[in-house]
Amino acid sequence: MSLRFTADNVCKSYNGKSVLKECSFSFDRGCVYILMGPNGSGKSTFLRICALLEDPDSGEVKYYSDTTALNPSLPGVGLKGGLKKDIKLRRKITLVLPKIGLFNTTVFDNVAYGLKIRVYKKRDIEVKVNEVLEFVGLAHKKKLNALTLSSGETQRLGIARAIVLKPEVLFLDEPTASLDPQSTEMIEEMISRLKGRDRMTIIMVSHNIFQAQRLADMVLFMYDGRIVDYGTKKEFFERPKDERAYRFITGQMVY
Ligand SMILES: Nc1ncnc2c1ncn2[C@@H]1O[C@H](COP(=O)(O)OP(=O)(O)OP(=O)(O)O)[C@@H](O)[C@H]1O
Ligand SMILES: [Mg+2]
């Protein structure tokens, strides 16, 4: 079971300034999408809207389960209009922000929190948290206060908190920003394993061309609120269609 979703003509303005302009894209299950583009081009806003944390001004984001394809009469879950958001669906979607808010408690409890509020049994919580901490390489730090972790470890803890809930769609906003090559590699390895093991759909913002080349199935390039170019990794890097994407790839657009 896994989810796919579409953004359909998504528009968003803040204080009269248009930040997203008719953004449309279909995201397939089990793929890694890397979203690139200059600062302020709308990437994080697009992520929040796709992750159902914010409503667009117009347009919509629709999620489809496997069953929809089998039964076309089942509509996608429309999410326009705040409270219509389906709680079961919301639980399958997680956004990890670059500066995650950690609780001033142990690494273990930080990961366990999401399971506790979902009233999992104590024994189940222990098994799941230990498994996830092993996965992100933090098992040996589980008793430490989370606030003492390094920035690379903190990012991994953020991902641990998200994946312990077994999301089907994982949004990562610059998960390796300001990390050294070794921590970056650890996170990239985790992302590859999540894709392979769980067929998770992953949408990740990155400014790093090499990272996109290592991880992406598809690359999307945003510029001034629009998705101006996209393609498979090969298409995007070998034959960019948009001039600004071309300048970015060839190092002429430095930001
Ligand atoms: N909640 C908000 N209120 C007002 N303006 C906002 C809000 N969120 C985003 N913006 C504005 O929308 C524009 C796009 O912001 P966004 O964070 O989506 O860009 P970004 O592509 O993620 O940039 P960066 O690479 O710097 O993270 C910016 O001009 C920003 O100031
Ligand atoms: Mg951003």
Side-chain angles (χ1 to χ4, degrees), residues 5-25 27 32-61 79-82 85 90 93-102 151-152 154-156 158-159 161-162 169-179 183-184 187-188 191 201-216 218-231 236-237 240 242-255:
F5 70 96
T6 60
D8 189 10
N9 276 312
V10 167
C11 297
K12 185 79 185 178
S13 299
Y14 294 111
N15 313 318
K17 182 176 170 273
S18 173
V19 171
L20 291 180
K21 301 161 187 169
E22 295 165 355
C23 291
S24 296
F25 203 79
F27 295 86
V32 175
Y33 296 86
I34 304 268
L35 187 53
M36 312 193 90
N39 292 135
S41 54
K43 304 178 297 298
S44 297
T45 305
F46 187 57
L47 232 56
R48 287 196 304 276
I49 289 176
C50 286
L52 310 179
L53 296 170
E54 213 173 306
D55 283 325
D57 295 339
S58 62
E60 59 188 330
V61 173
L79 292 143
K80 256 183 93 180
K85 287 170 185 167
R90 293 289 311 267
I93 303 163
T94 312
L95 170 66
V96 181
L97 293 170
K99 291 201 172 60
I100 55 165
L102 292 181
S151 52
T154 301
Q155 285 295 7
R156 270 148 55 206
I159 296 176
R161 286 206 310 197
V169 183
L170 179 65
F171 293 92
L172 300 165
D173 199 344
E174 302 195 39
T176 61
S178 79
L179 298 190
S183 299
T184 301
I187 289 190
E188 288 183 4
I191 292 167
T201 305
I202 297 170
I203 299 95
M204 168 173 161
V205 175
S206 172
H207 291 288
N208 185 330
I209 290 177
F210 302 110
Q211 180 162 67
Q213 286 172 334
R214 286 190 293 266
L215 283 181
M218 295 284 289
V219 181
L220 284 75
F221 188 79
M222 287 191 79
Y223 194 91
D224 191 23
R226 294 180 197 277
I227 300 168
V228 297
D229 206 346
Y230 64 88
F236 180 78
F237 286 109
D242 183 83
E243 187 231 329
R244 289 149 299 188
Y246 174 78
R247 284 186 13 235
F248 169 66
I249 292 164
T250 53
Q252 296 172 61
M253 182 196 286
V254 180
Y255 61 79

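Numbering of ligands and ligand atoms starts at 1, following listing order. Since this is a predicted model, take the numbers as computed values, not measurements.
In this structure, F236 and I249 have side chains that are in contact, with non-hydrogen atoms separated by less than 4.5 Å. For the pair S151 and L179, the minimum side-chain heavy-atom distance is below 4.5 Å. In this structure the side chain of L215 never reaches within 4.5 angstrom of the side chain of I202, judged on heavy atoms. Looking only at side-chain heavy atoms (C-beta outward), I93 and L52 come within less than 4.5 Å of each other.
Using bins of under 30°, 30° to 60° and over 60° for the plane-to-plane angle, the ring pair F27/F5 lands in the parallel bin.
For ligand 1, the atoms sitting less than 4.0 Å from at least one non-hydrogen atom of R48 are 8 (N), numbered in the order shown with element in parentheses. Atoms of ligand 1 found under 4.0 Å from any heavy atom of V19, numbered from 1 in the order shown, are 12 (O), 13 (C), 14 (C). Within ligand 1, the atoms closer than 4.0 Å to a non-hydrogen atom of S41 are 19 (O), 21 (O), numbered from 1 in the order shown. In the vicinity of P38, heavy-atom distances shorter than 4.0 Å reach the ligand 1 atoms 21 (O). Taking every non-hydrogen atom of H207 and a distance limit under 4.0 Å, the qualifying atoms of ligand 1 come out as 25 (O).
For the pair G40 and ligand 1, a heavy-atom separation below 4.0 Å is found. Ligand 1 does not have M222 within reach: every non-hydrogen atom of the residue lies 4.0 Å or more from it.
Here the side chain of T94 pairs no donor or acceptor atom with the backbone of L170 at under 3.5 angstrom. No donor-acceptor pair closer than 3.5 Å links the side chain of T6 to the backbone N or O of D8. Between the side chain of D229 and the backbone N or O of A245, no donor-acceptor pair lies under 3.5 Å. A donor-acceptor contact shorter than 3.5 Å is absent between the side chain of K43 and the backbone of F221.
Counting protein heavy atoms only, atom 21 (O) of ligand 1 is closest to K43 NZ, 2.7 Å. Scanning the protein heavy atoms around atom 6 (C) of ligand 1, the nearest turns out to be Y14 CD1, 3.2 Å. Shortest contact from atom 16 (P) of ligand 1 to any protein heavy atom: T45 OG1, 3.6 Å. Among all non-hydrogen protein atoms, the one lying nearest atom 27 (O) of ligand 1 is E174 OE2, 3.6 Å. Looking only at protein heavy atoms, the nearest one to atom 17 (O) of ligand 1 is S44 CB, 3.6 Å. Nearest to atom 24 (P) of ligand 1 among the protein's heavy atoms is N39 ND2, 3.5 Å.
For K17, a nitrogen or oxygen atom sits less than 3.5 Å from a nitrogen or oxygen atom of ligand 1, counting backbone and side chain alike. For a threshold of 3.5 Å applied to N or O pairs, the pair formed by G42 and ligand 1 contains at least one separation below that value.
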Note to self: Evaluate D173 against R48 for salt bridge (charged side-chain N to carboxylate O under 4.0 Å, His left out), listing each step before the verdict.
What the structure shows: CA-CA 9 Å; D173 199 344; R48 287 196 304 276; 6.0 Å; no

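A 6.0 Å sphere centred on OH of Y246 holds no more than 12 heavy atoms belonging to other residues, nucleotides or ligands. The environment of OH in Y14 is crowded: more than 12 heavy-atom neighbours from other residues, nucleotides or ligands sit within 6.0 Å.
Within the 4.0 angstrom cut-off, atom 8 (N) of ligand 1 has one or more protein heavy-atom neighbours. Distance remark: protein heavy atom not present below 4.0 angstrom from atom 30 (C) of ligand 1.
Under 2.8 Å from the Mg ion (ligand 2) lies no N/O/S atom of N39, from backbone or side chain alike.
The proximity of K12 to ligand 1, defined as any non-hydrogen pair under 4.0 Å, does not occur for either the backbone or the side chain.
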